[in-house]
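Just so you know, these numbers use all the heavy atoms, side chains as well, and skip hydrogens, waters and symmetry mates. Keep in mind that what you see is a predicted model, and the values were worked out from it rather than measured.
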Amino acid sequence: NYYPNNQAFVSFVKARNYDLAKRTDLAEKSYLQLINKFPETFWALESRFYLAILKYHKKDYNNAYNLFLNLNNNSGNRSDLANYFLGLISIYNKDEIEAKLYFSRSSYFLSKVEISKLK
């Protein structure tokens, strides 16, 4: 469903390297530029995922929640991790019922650990 684009790939690698080097402001800016410039590429999808994780770690839970929710609804290959993070954000928001729902939708191992803590 995505078209190949080498420029998008190079942009993603650049953004991801900023992210791994803990240069979060540059990473965020680079992810957003890639998403806006190449929205129909696989690398835009990956950028949304890593941007959501970055926002989660920056404690920007509202924006992280929206990005993960979008990934959860539109990306089969990232839905397990998206549900895991949605569950963690729900715990932060003190909504254990919603957290259990998200964790139960995920086959990610840590989701099972978290759901066992909530029982």
Side-chain angles (χ1 to χ4, degrees):
N1 295 339
Y2 302 101
Y3 68 88
N5 187 308
N6 290 337
Q7 192 176 1
F9 173 73
V10 170
S11 296
F12 175 76
V13 170
K14 178 181 171 185
R16 189 73 182 116
N17 284 335
Y18 283 141
D19 198 354
L20 293 171
K22 305 290 185 218
R23 299 176 73 182
T24 56
D25 291 338
L26 286 172
E28 186 174 346
K29 181 180 176 184
S30 296
Y31 286 137
L32 287 170
Q33 285 175 344
L34 190 153
I35 291 165
N36 291 328
K37 191 171 182 180
F38 307 106
E40 300 300 318
T41 64
F42 173 77
W43 302 110
L45 176 67
E46 288 294 289
S47 292
R48 282 186 196 93
F49 177 72
Y50 285 106
L51 179 60
I53 291 174
L54 184 116
K55 289 195 176 285
Y56 174 82
H57 288 298
K58 289 175 82 174
K59 299 182 183 190
D60 184 359
Y61 297 122
N62 289 333
N63 285 323
Y65 183 88
N66 291 331
L67 284 165
F68 282 123
L69 194 58
N70 182 274
L71 285 166
N72 189 31
N73 293 333
N74 298 320
S75 171
N77 62 339
R78 291 291 186 198
S79 63
D80 281 339
L81 284 172
N83 278 312
Y84 170 70
F85 280 103
L86 287 166
L88 291 177
I89 293 168
S90 297
I91 288 173
Y92 174 79
N93 290 332
K94 298 181 182 4
D95 189 344
E96 288 189 13
I97 295 170
E98 186 174 82
K100 286 180 185 179
L101 176 71
Y102 286 125
F103 288 139
S104 67
R105 289 181 184 168
S106 174
S107 63
Y108 187 57
F109 175 74
L110 291 177
S111 292
K112 307 308 177 206
V113 172
E114 291 295 331
I115 204 166
S116 70
K117 291 179 188 178
L118 294 174
K119 290 183 178 181

*Residue pair E114, Y84: steps toward the side-chain contact (heavy atoms from CB on, under 4.5 Å) verdict*: CA-CA 9 Å; E114 291 295 331; Y84 170 70; 4.0 Å; yes
*asked:* Once rounded to the nearest 0.5 Å, what's the spacing between atom CG of L67 and atom OH of Y31?
replied: 12.0 Å
*Classify the angle between the aromatic ring planes of Y102 and Y65 as parallel (below 30°), tilted (30 to 60°) or perpendicular (above 60°).*
perpendicular
_I'd like to check the salt bridge (Lys or Arg N to Asp or Glu O under 4.0 Å) partners of K22; sequence neighbours left out, ordered by chain and number._
none
*Hphob cluster co-occupancy, L54 + Y92, side-chain heavy atoms under 4.5 angstrom*: yes
*Measure across S106 and K112 and return the closest heavy-atom pair with its distance rounded to 0.1 Å.*
O-NZ, 2.5 Å
*Test item: D19 side-chain N/O and A15 main-chain N/O as donor-acceptor pair under 3.5 Å*: no
*Where do L71 and L45 land on the side-chain contact (heavy atoms from CB on, under 4.5 Å) test, with the steps shown first?*
CA-CA 8 Å; L71 285 166; L45 176 67; 3.5 Å; yes
*Check N63 against K55 and note the closest heavy-atom contact, atom names and distance.*
CB-CD, 3.5 Å
_Side chains of D80 and S107 only: does a donor on one sit below 3.5 Å from an acceptor on the other?_
yes
*Can you establish whether the number of heavy atoms outside Y61 located under 6.0 Å from its atom OH is more than 12?*
yes
*Are the charged groups of E28 and K58 less than 4.0 angstrom apart, N to O?*
yes
*Single-linkage hydrophobic cluster, 4.5 Å side-chain cutoff, L69 and L32 together*: yes
*Measure the spacing between CZ of F103 and CZ of F85 and express it to the nearest 0.5 Å.*
10.0 Å
*To the nearest 0.5 Å, tell me how far N66 CG sits from L86 CG.*
9.5 Å
*asked:* For the CG atom on N62, are there more than 12 heavy atoms of other groups (residues, nucleotides or ligands in this structure) within a distance under 6.0 Å?
replied: no
*For A82 and F68, which heavy atoms make the closest approach, and how far apart are they?*
CB-O, 3.7 Å
*Look at the rings of Y50 and F12 and say which category their plane angle falls in: under 30° parallel, 30 to 60° tilted, over 60° perpendicular.*
tilted
*Got a second to check how far R105's CZ is from I115's CD1, nearest 0.5 Å?*
11.5 Å
*asked:* Please report the interatomic distance CH2(W43) to CZ(R48), rounded to the nearest 0.5 Å.
replied: 14.0 Å
*Of the non-hydrogen atoms in A44 and P39, which two are nearest, and what is the gap between them?*
CB-O, 3.8 Å
_For residues V10 and Y18: do they belong to one hydrophobic cluster (side chain heavy atoms under 4.5 Å, members Ile, Leu, Val, Met, Phe, Trp, Tyr)?_
no
*Of all the heavy-atom pairs spanning V113 and S116, show the shortest one and how long it is.*
O-OG, 2.6 Å
*Quick one: CD1 on I53 to CG on L81, what's the gap to the nearest 0.5 Å?*
6.5 Å
*asked:* Please give me the minimum heavy-atom distance between A99 and L118, naming the atom from each residue.
replied: CB-CD1, 4.0 Å
*Is the count of non-hydrogen atoms from other residues, nucleotides or ligands lying under 6.0 Å from L20 atom CG greater than 12?*
yes
